[in-house]
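What follows is a set of notes on a single structure, which appears directly below.
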Amino acid sequence: MNALYFTEEHELFRKSFQDFLQKEVVPHIDKWEKSGTIERFIWKKFGEMGYFGLNQPEEYGGMNLDIFYTVIFLEELQKINSGGFAAAMWAHAYLAMTHVNKEGDDAIKKKYLTPSIEGDKIGCLCITEPFGGSDVAGMRSTAIKKGDKYILNGSKTFITNGVYSDYLVVAVKTDPDKGNKGMSIFIVDRETPGISASKLDKLGWRASDTAEIAFDDVEIPAENLMGEEGKGFSYIMQHFALERLIMGINAHARAEYALDYTLGYMGEREAFGRTIDKFQALRHSVADMASEVEMNKEFNYSIAKRLNDGQYVVKEASMSKLLSTKMADKVIYDCLQMLGGYGYMEDYPLARMFRDSRLGPIGGGTSEILREIIAKMVIDKKEYKPAAK
Ligand SMILES: Cc1cc2nc3c(=O)[nH]c(=O)nc-3n(C[C@H](O)[C@H](O)[C@H](O)COP(=O)(O)OP(=O)(O)OC[C@H]3O[C@@H](n4cnc5c(N)ncnc54)[C@H](O)[C@@H]3O)c2cc1C
């Protein structure tokens with residue numbers, strides 16, 4: 001236990017969450033990886049255990065706990081080896097629900113946040129569009145005001161939980177002439193006429209549903225606008241800090257899991273009359289990997305602490321995602337090598353990890369975009385400020 005950040009209570013939570021995952025989730029993972037569908041009962045169980053409300057306000061049913069409970073939630077989800085299952089859970093709890101909590105009014109929170117915490121409603125966050133995901137400000141979907149409604153048209157793609165969720169948190173242009181200052185966020189019921197979603201086939205994250213979504217004259221009541229009209233872009237940017245740190249934490253956790261598994265394997269597998277963990281070439285590779293995992297983990301913990309203390313760590317969170325996802329890809333690649341042919345087999349965990357990890361440097365801001373942001377802050381001294389409430 002790292003006593004700088006974790007208490008006995010945190011560790012008790014870690015143990016009980018590990019037990020829960022082993023008992024309730026792990027027996028179903030292979031089935032969900034094959035079907036690409038996570039059965040509804042497990043969402044409800046997560047809700048009953050309070051796992052969707054760790055950082056949410058108590059008045060809506062959450063537990064308002066510090067960020068290190070979230071860190072544990074994320075880390076342990078990575079260690080059951082289904083990037084897709086983990087993504088479905090954290091995209092609901094930390095992408096969709098973050099907007100509902102931070103920008104939704106009391107009526108929206110009662111209608112969507114409480115059932116989300118209880119596991120009765122699943123959410124997704126729709127930002128990326130088919131014409132280009134990196135250029136968020138260039139999005140083309142619109143919601144134009146007409147009386148007491150907005151009429152939503154456009155399309156989104158690569159949306160996690162995009163087919164099976166009950167509501168969609170959607171970023172659109174309410175004033176297309178104003179660029180990123182004309183963007184707003186809405187919460188949209190799945191049942192609203194004019195929404196269609198189709199599932200995409202993909203390399204990894206196979207247990208999660210990833211969708212392309214079309215909006216065709218979808219009528220949204222004006223009260224479903226979240227926060228202020230025209231502030232959508234700054235809300236998105238603000239939450240990107242948490243999202244990117246989450247992806248950094250996920251990366252150090254899956255790399256750590258891959259390395260732990262590989263060390264166990266190396267201690268048993270023999271070649272040339274000794275276990276392979278005695279070969280110097282492999283030992284040095286392990287030493288490099290262990291060092292990189294540890295450095296990334298410590299950095300991510302320190303940024304989590306600063307975020308918890310209310311600091312706007314957008315630069316550091318971008319650095320976390322950039323370097324931790326790169327590190328995880330490399331560690332998992334090298335761990336797979338340690339297993340020889342078995343690393344390539346589906347019966348061993350590294351094959352799935354290899355596929356799942358590849359999304360790290362792409363989703364939620366590609367490494368190239370992160371370098372752009374970091375370069376602007378480091379070279380041009382650009383300052384990103386949090387959106388005013
Ligand atoms: C499995 C999965 C789940 C996802 N879940 C969600 C979700 O829940 N919600 C959501 O909104 N999105 C989601 N995404 C979308 C993801 O965030 C985008 O794929 C990502 O932001 C990149 O956008 P793009 O795919 O359109 O790539 P593009 O923007 O087309 O980029 C293509 C390439 O060009 C590079 N590039 C673009 N602009 C620049 C530049 N200025 N300088 C240098 N290089 C550049 C990129 O880095 C990339 O290598 C998901 C994606 C996947 C694959």
Side-chain angles (χ1 to χ4, degrees), residues 32-33 36-38 82-100 122-141 154-173 180 183 185-188 190 197-215 232-233 235-237 239-240 242-244 246-248 250-251 254 317-318 321-322 325-326 329 352 354-376 379-380 382:
W32 295 338
E33 282 279 319
T37 313
I38 296 163
S82 170
F85 179 79
M89 298 296 131
W90 65 255
H92 165 64
Y94 294 98
L95 302 191
M97 283 171 65
T98 296
H99 281 279
V100 181
I122 304 171
C124 67
L125 177 63
C126 308
I127 296 177
T128 305
E129 300 200 345
F131 305 102
S134 299
D135 181 11
V136 174
M139 70 172 53
R140 299 183 191 177
S141 296
S155 54
K156 298 285 172 181
T157 196
F158 304 144
I159 306 305
T160 303
N161 298 337
V163 174
Y164 299 117
S165 53
D166 304 291
Y167 65 88
L168 306 90
V169 175
V170 189
V172 283
K173 294 269 177 72
N180 65 16
M183 195 184 292
I185 309 271
F186 291 88
I187 190 156
V188 185
R190 166 73 58 184
S198 52
K199 205 162 165 172
L200 300 167
D201 195 8
K202 56 195 186 296
L203 173 70
W205 279 27
R206 297 194 67 85
S208 71
D209 101 64
T210 307
E212 180 149 306
I213 303 175
F215 301 100
F233 189 73
Y235 296 141
I236 292 169
M237 291 302 137
H239 303 325
F240 267 164
L242 173 66
E243 185 180 334
R244 286 169 181 165
I246 284 176
M247 296 195 73
N250 288 341
R254 68 176 170 272
S318 302
K321 181 178 185 292
L322 175 66
T325 58
K326 188 174 168 187
D329 271 4
R352 186 186 295 159
F354 183 73
R355 287 197 297 268
D356 288 352
S357 186
R358 190 61 188 86
L359 187 63
I362 299 172
T366 64
S367 295
E368 292 75 19
I369 294 300
L370 296 175
R371 287 191 191 98
E372 281 294 306
I373 292 169
I374 296 165
K376 275 184 199 154
I379 302 168
D380 308 331
K382 184 172 169 64

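Fair warning: this is a prediction, and the values are worked out from it, not measured in the lab. First listed ligand is number 1; within each ligand, the first listed atom is number 1.
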Looking only at distances, please establish whether an N/O atom of ligand 1 is found under 3.5 Å from an N/O atom of [X].
X    : value
T160 : yes
L125 : yes
E368 : yes
D135 : no

Closest protein heavy atom (residue, atom, distance) for [atom]:
atom                    : result
atom 23 (O) of ligand 1 : G133 CA, 3.4 Å
atom 10 (C) of ligand 1 : T128 OG1, 3.4 Å
atom 50 (C) of ligand 1 : F158 O, 3.1 Å
atom 36 (N) of ligand 1 : S134 OG, 4.4 Å
atom 40 (C) of ligand 1 : I369 CD1, 3.9 Å
atom 20 (C) of ligand 1 : I362 O, 3.5 Å
atom 46 (C) of ligand 1 : T366 OG1, 3.6 Å
atom 17 (O) of ligand 1 : G364 N, 3.0 Å

task = On the 0 to 90° scale, with breaks at 30° and 60°, tag the W32-F85 ring pair as parallel, tilted or perpendicular.
result = parallel

message = If we set the cut-off at 4.0 Å for heavy atoms, which region of L359 has an atom near ligand 1: side chain, backbone, both, or neither?
response = side chain

message = Please report whether atom 44 (N) of ligand 1 has a protein non-hydrogen atom at a separation of less than 4.0 Å.
response = yes

query = Are D201 and R206 ion-paired here, with the side-chain N under 4.0 Å from a carboxylate O?
reply = yes

task = State whether a side-chain donor-acceptor pair under 3.5 Å links S165 with R190.
result = yes

